[in-house]
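Every value quoted in this text rests on a predicted model; they were computed, and no experiment measured them.
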Amino acid sequence: MDKRLAEIREKVANGIRLTKEDGLFLYEFPDLLSIGQIAKEKKKQLIGDYVFFNVNCHINLTNICVSKCKFCAFGVDENAPKPYAMTVEQAFDYASRAVDQGITEFHIVSALNPKLTLDYYVEIISRLKKAYPHILIQALTAVEIVYLANISHLSVEEVLCALKDAGLDAIPGGGAEILDDRIRKELCPRKASSEEWLEVHRIAHKLGIKTNCTMLFGHIENYEDRINHLLKLRELQDEAPGFKAFIPLPFLPENTALAHLNKTSVFDQLKTIAISRLILDNIEHIKAFWVMLGIPVAQIALEFGADDLDGTIIEEKIMHAAGAKTDKGISKTSIIRLIKEAGYIPAERDTVYNILQTY
Ligand code: V47
């Protein structure tokens with residue numbers, strides 16, 4: 001094995017934190033399988049033989065969005081051909097239809113719609129919680145929370161407390177993109193800054209709300225931007241722990257303002273999963289989000305340090321607007337089979353990683 005890589009392996013085995021330079025070395029180093037092996041060892045050290053999944057339902061309350069992020073094909077203008085915004089009643093009915101499928105989570109990510117106020121979200125969350133107290137609600141990305149705070153003239157903490165009182169259990173990891181304001185200015189200038197995104201998660205963690213974090217990669221950023229992003233997440237987790245899982249999201253260019261860019265390679269996707277596992281030594285779970293990676297790559301990612309395939313979803317919309325080729329949902333039986341086939345123990349979890357059942 002290459003001497004520098006052997007040093008990194010030694011550090012990982014002894015629980016010594018990797019540096020920015022280690023991360024950059026790994027990105028430049030071509031031996032993907034050896035990097036994957038080290039990440040797999042780290043995953044085994046942390047999680048053993050389990051691979052997690054959950055039975056959930058994605059709900060996107062509206063696609064009307066003032067943010068107009070260049071990477072997004074989901075958000076549209078109010079005057080575009082197919083804008084929608086569910087009423088509270090419609091949202092409740094949509095969510096209720098999924099309950100019979102044994103879901104344990106409502107995953108709610110929407111858009112920056114100026115007509116939807118904090119009261120609207122509070123009402124949906126409290127109605128769902130009242131009707132289905134056993135189902136956890138993971139809702140509103142940090143970017144949506146900053147937007148709601150701004151249009152309601154409230155602080156982020158006030159918004160989070162109102163949502164928590166209504167029944168919010170956790171916050172999804174979206175909106176992080178790349179936590180660098182130079183890149184955000186180019187990609188998504190109208191939404192929360194890097195520090196604002198981090199601050200929402202910092203406050204949520206202090207209020208006892210668990211959250212996830214993501215990284216959108218494979219657009220205009222470089223390796224150093226990616227490593228800096230991972231280091232910012234690691235630093236926040238040291239300071240105010242509360243991240244449960246990290247989800248690397250490979251950029252899908254179709255129907256976006258960046259449609260001229262190539263899709264990231266499978267090589268880059270697997271390497272990013274492995275490097276995330278190695279750098280984020282204080283975040284327990286790394287998700288291979290099957291919708292984005294496609295099922296074959298998501299299954300292989302389990303050999304590169306990922307320990308979670310995400311959920312059954314039912315009807316995914318954001319990634320499919322941008323050309324995701326997978327089905328919009330997957331059955332629980334299929335997820336269990338994929339995990340078993342890869343040699344792991346399927347562990348059905350709830351939103352915050354309590355194990356509900358193993359198979
Ligand atoms: O922030 C949007 C991404 C995110 C594209 O917490 C795109 O478990 C790739 O929050 N290509 C929202 N990515 C989704 C989100 C999420 C997804 C899965 C799991 C979790 C979790 C949260 O979707 C956005 C953005 O980074 N996104 N458009 C695109 N064209």
Side-chain angles (χ1 to χ4, degrees), residues 1-51 176 178-180 183 213-235 237-238 243 245-251 261-289 292-294 296-309 339 341-344:
M1 187 184 268
D2 174 89
K3 187 165 167 280
R4 180 85 204 274
L5 192 66
E7 279 168 20
I8 289 179
R9 182 183 203 162
E10 197 60 23
K11 274 179 140 179
V12 173
N14 293 314
I16 298 170
R17 186 157 263 199
L18 298 190
T19 61
K20 176 172 175 178
E21 290 66 37
D22 292 330
L24 288 172
F25 167 79
L26 292 170
Y27 260 122
E28 297 293 350
F29 192 68
D31 182 355
L32 173 66
L33 293 183
S34 297
I35 297 172
Q37 182 59 33
I38 303 172
K40 185 178 163 175
E41 286 162 9
K42 179 74 187 172
K43 181 260 166 195
K44 179 125 185 157
Q45 209 186 76
L46 288 169
I47 317 279
D49 287 327
Y50 287 131
V51 166
I178 292 283
L179 293 169
D180 178 306
I183 303 236
C213 48
T214 56
M215 173 172 77
L216 179 72
F217 69 100
H219 42 86
I220 59 168
E221 87 295 359
N222 59 31
Y223 291 154
E224 190 176 3
D225 298 322
R226 294 184 194 181
I227 299 291
N228 285 340
H229 178 97
L230 296 177
L231 295 178
K232 283 183 187 170
L233 297 176
R234 188 170 81 180
E235 202 176 300
Q237 181 76 338
D238 276 346
F243 288 131
F246 171 72
I247 310 115
L249 300 170
F251 171 54
L261 297 181
N262 290 324
K263 245 184 99 179
T264 57
S265 64
V266 170
F267 196 95
D268 189 23
Q269 292 168 11
L270 293 174
K271 210 180 216 194
T272 299
I273 284 174
I275 292 173
S276 311
R277 176 59 293 157
L278 294 172
I279 296 280
L280 297 174
D281 55 9
N282 55 1
I283 299 183
E284 206 169 1
H285 303 284
I286 306 288
K287 269 193 205 177
F289 189 37
M292 323 273 314
L293 298 170
V297 178
Q299 194 184 29
I300 293 171
L302 303 179
E303 293 302 278
F304 287 77
D307 66 277
D308 190 315
L309 285 182
I339 297 172
E341 217 172 68
Y344 295 98

A side-chain contact here means heavy atoms from C-beta on lying under 4.5 Å apart; do I47 and H285 qualify? yes
Residues that A298 engages under side chain to side chain contact (heavy atoms under 4.5 Å, CB included), provided they are two or more places apart: A288, W290, L293, L309
Going by salt bridge (charged side-chain N to carboxylate O under 4.0 Å, His left out), name the pairs with one or both residues in residues 278-287, residues two or more places apart or in two chains. R17-D281, K287-D310
Going by heavy atoms in the side chains, are I38 and L278 under 4.5 Å from each other? yes
To the nearest 0.5 Å, what is the distance between OH (Y344) and CD1 (I339)? 11.0 Å
Only counting residues at least two apart or in another chain, list the ones meeting side chain to side chain contact (heavy atoms under 4.5 Å, CB included) with E221. I178, I183, F217, H219, D225, R226
So, taking the atom named CZ in F289 and the one named CD1 in I247, what distance separates them when rounded to the nearest 0.5 Å? 8.0 Å
Mind checking ring-ring contact (aromatic ring centres under 6.0 Å, His included) for F243 and listing every partner two or more places apart, or none if nothing turns up? H201, H205
Quick check: closest heavy atoms across R234 and N282, and the distance to 0.1 Å? O-ND2, 2.9 Å
For residues L270 and E303, determine if any side-chain heavy atom of one lies less than 4.5 Å from a side-chain heavy atom of the other. no
Can you measure from NZ (K44) to CG (D307) and round to the nearest 0.5 angstrom? 13.0 Å
Go through it in stages, so that I can follow the logic: the residues are T272 and Y223, the test is side-chain contact (heavy atoms from CB on, under 4.5 Å), and I'd like the CA-CA distance, side-chain angles, deciding distance and then a yes or no. CA-CA 10 Å; T272 299; Y223 291 154; over 6 Å; no
With sequence neighbours left out, what residues match E28 under salt bridge (charged side-chain N to carboxylate O under 4.0 Å, His left out)? none
Any L280 side-chain heavy atom under 4.5 Å of Q237 side chain: no
Taking atom CG of L233 and atom OG of S276, what is their separation to the nearest 0.5 Å? 9.5 Å
Counting distance only, does the side-chain N/O of H229 pair as donor-acceptor with the main-chain N or O of L216 below 3.5 Å? no
Where T19 and I279 come nearest, the two heavy atoms and their spacing: O-CD1, 4.0 Å
Heavy-atom closest pair, residues T264 and G218: CG2-CA, 3.2 Å
Tell me every residue that passes side chain to side chain contact (heavy atoms under 4.5 Å, CB included) with E41, counting only those two or more places apart in sequence or in another chain. R9, Q37
Who pairs with D22 by salt bridge (charged side-chain N to carboxylate O under 4.0 Å, His left out), at least two apart in sequence or on another chain? R4, K11
Identify, with sequence neighbours excluded, every residue that meets side chain to side chain contact (heavy atoms under 4.5 Å, CB included) alongside K20. L24, E224, I227, N228, L231
Assess whether atom CD of E235 is packed by more than 12 heavy atoms of other residues, nucleotides or ligands within 6.0 Å. no
Does any part of the side chain of F251, heavy atoms only, come nearer than 4.5 Å to the side chain of N262, both counted from C-beta? no
Under the ring-ring contact (aromatic ring centres under 6.0 Å, His included) rule, collect the residues that match up with F25, sequence neighbours excluded. F29
Which residues pass the salt bridge (charged side-chain N to carboxylate O under 4.0 Å, His left out) test with E7, sequence neighbours left out? K3
Output for pair (Q269 CD, L32 CG), nearest 0.5 Å, gives 11.5 Å
Minimum heavy-atom separation for I273 to P248, with atom names? CG1-CG, 3.9 Å
Which heavy atom in M1 sits nearest to a heavy atom in S34, and how many Å separate them? CE-CB, 4.3 Å
Who are the ring-ring contact (aromatic ring centres under 6.0 Å, His included) partners of Y50, not counting sequence neighbours? none
Taking salt bridge (charged side-chain N to carboxylate O under 4.0 Å, His left out) as the test, write out the residues that go with K42, two or more places apart. none
Non-hydrogen atoms of G305 and I286 that approach each other most closely: O-CB, 4.1 Å
Taking atom NZ of K271 and atom OG of S265, what is their separation to the nearest 0.5 Å? 9.5 Å
